[in-house]
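Structure first, commentary second.
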Amino acid sequence: MDFLIESFKHWPTIGAFAPCSSAVAEKMTRPVDFSRARVLVEFGGGTGAITKTILARMRPDAELVSFELLPAFVSALKRIPDSRLTVVHDSAANLGAYLAAREIEKADAIISTLPVGTMNKALRARIFEEVKGALGTGGRYVQIQYSLLSWKEIKRNFPETSLDFTPRNFPPAFFYICER
Ligand SMILES: C[S@@+](CC[C@H](N)C(=O)[O-])C[C@H]1O[C@@H](n2cnc3c(N)ncnc32)[C@H](O)[C@@H]1O
């Protein structure tokens, strides 16, 4: 399965021409306290570039729930041989309902490569509400961005947010690190 072909077919959903680089995976996982995190959530698992890094750093007794919309990517994610990973073929906008149905109280970290900057405003607002509802106190939400256009909106929703950046990706990427 070719990421580039998928991105031509589903550009608004994917919002990138290539899987995330290892530099991005490093930046997105660094803010997470893996020594304590038991429930981790990924938004936009894609081909698994970030998923595999999260799994490599997770505790043996932790679980990772990865939301992905596109069937080709869901199949790729399901081929990752790790019993701590659950792949959910659904929108990240349904995170709260998913956690409630499984009686999971809170997530310790949410790592997202969703194209929030280019998605419609109502969906973006819904995603932010889902994150706020799901993150436990002290939990972190890490969101990649390719511009700073949503900075004000992020700060309104997550006042405790800091910024990071890497040029080692195509395109170069910013990261919002939001604390609950
Ligand atoms: C920029 S791509 C990154 C994918 C992955 N991290 C990688 O490097 O291969 C964004 C991903 O978010 C997924 N996506 C977009 N909107 C979504 C939504 N509402 N819920 C779940 N996944 C979504 C896309 O299908 C795509 O796989």
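Position 1 is the first residue of the sequence, and the numbers go up from there. Each ligand, and each atom within it, is numbered from 1 in the order the structure gives.
The minimum heavy-atom distance linking Ile177 with Pro31 is given by the pair CG2-CB, 3.7 Å. Shown here for Thr51 and Leu77, the closest heavy-atom pair between the two residues is OG1-CD2, 3.5 Å. Between Glu130 and Leu95, the shortest heavy-atom contact is OE1-N, 3.5 Å. The heavy-atom pair separating Ile50 from Met28 by the smallest distance is CD1-SD, 4.2 Å. Scanning all heavy atoms of the two residues, the minimum distance from Leu69 to Asp90 falls at CD2-C, 3.8 Å.
Applying the salt bridge (charged side-chain N to carboxylate O under 4.0 Å, His left out) criterion to Asp82, with sequence neighbours excluded, gives Arg84.
For atom 17 (C) of ligand 1, the nearest non-hydrogen atom from the set Val24, Leu114, Val88 belongs to Leu114. Between the choices Pro71, Ala76, Gly44, the shortest heavy-atom distance to atom 11 (C) of ligand 1 belongs to Gly44.
Taking the six-membered ring for Trp and the full ring otherwise, the centers of Phe67 and Tyr98 sit less than 6.0 Å from each other.
Within the structure, the closest approach of Ala18 to ligand 1 does not fall below 4.0 Å when heavy atoms are considered. Taking a 4.0 Å cut-off on heavy atoms, Phe73 registers as neighbouring ligand 1.
By the 30° and 60° cut-offs, the orientation of the rings of Trp151 relative to Tyr176 is tilted. Using a 30° and 60° split on the angle between ring planes, Tyr141 and Phe158 fall in the tilted class, from 30° to 60°.
With a 4.0 Å heavy-atom cut-off, ligand 1 is reached by the side chain of Phe3 but not by its N, CA, C or O. Proximity of Asp90 to ligand 1, defined as any heavy-atom pair under 4.0 Å, is confined to the backbone N, CA, C and O atoms.
For ligand 1, the atoms sitting less than 4.0 Å from at least one non-hydrogen atom of Leu70 are 25 (O), numbered in the order shown with element in parentheses. The ligand atoms of ligand 1 that sit less than 4.0 angstrom from a heavy atom of Ala49 are 8 (O). Of all atoms in ligand 1, listed by their number and element, those nearer than 4.0 Å to a heavy atom of Ala16 are 1 (C).
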message = One pair to check against salt bridge (charged side-chain N to carboxylate O under 4.0 Å, His left out): Arg57 and Glu26. What are the steps and the verdict?
response = CA-CA 11 Å; Arg57 295 180 178 194; Glu26 167 61 30; 2.8 Å; yes
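The protein non-hydrogen atom at the shortest distance from atom 15 (C) of ligand 1 is Thr13 O, 3.0 Å. For atom 9 (O) of ligand 1, the closest non-hydrogen atom on the protein side is Thr47 OG1, 2.8 Å. With respect to atom 6 (N) of ligand 1, the closest heavy atom belonging to the protein is Thr113 OG1, 3.0 Å. Closest to atom 1 (C) of ligand 1 among all protein heavy atoms lies Ile14 O, 3.1 Å. Among all protein heavy atoms, the one lying closest to atom 26 (C) of ligand 1 is Glu68 OE1, 3.7 Å.
For ligand 1, none of its N or O atoms has an N or O atom of Met119 under 3.5 Å away. Ligand 1 has a nitrogen or oxygen under 3.5 angstrom from a nitrogen or oxygen of Cys20. The N/O atoms of Ser91, backbone and side chain alike, include one that comes under 3.5 Å of an N/O atom in ligand 1. Taking any N or O of Ala92, backbone or side chain, at least one lies under 3.5 Å from an N or O belonging to ligand 1. Ligand 1 has no nitrogen or oxygen under 3.5 angstrom from a nitrogen or oxygen of Tyr146.
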Which pairs would a plain distance check flag for residues 164-175, meaning a side-chain donor or acceptor within less than 3.5 Å of a matching protein atom at least two apart in sequence or in another chain?
residue: Asp164; atom: OD1; partner: Lys27; partner atom: NZ; Å: 3.1
residue: Asp164; atom: OD2; partner: Lys27; partner atom: NZ; Å: 3.2
residue: Thr166; atom: OG1; partner: Arg168; partner atom: N; Å: 3.0
residue: Asn169; atom: OD1; partner: Ser21; partner atom: N; Å: 3.0
residue: Asn169; atom: OD1; partner: Ser21; partner atom: OG; Å: 3.1
residue: Asn169; atom: ND2; partner: Pro171; partner atom: O; Å: 2.9

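Under the 3.5 Å distance criterion, with hydrogens and angles disregarded, no donor-acceptor pair is assigned to the side chains of Arg126 and Asn120.
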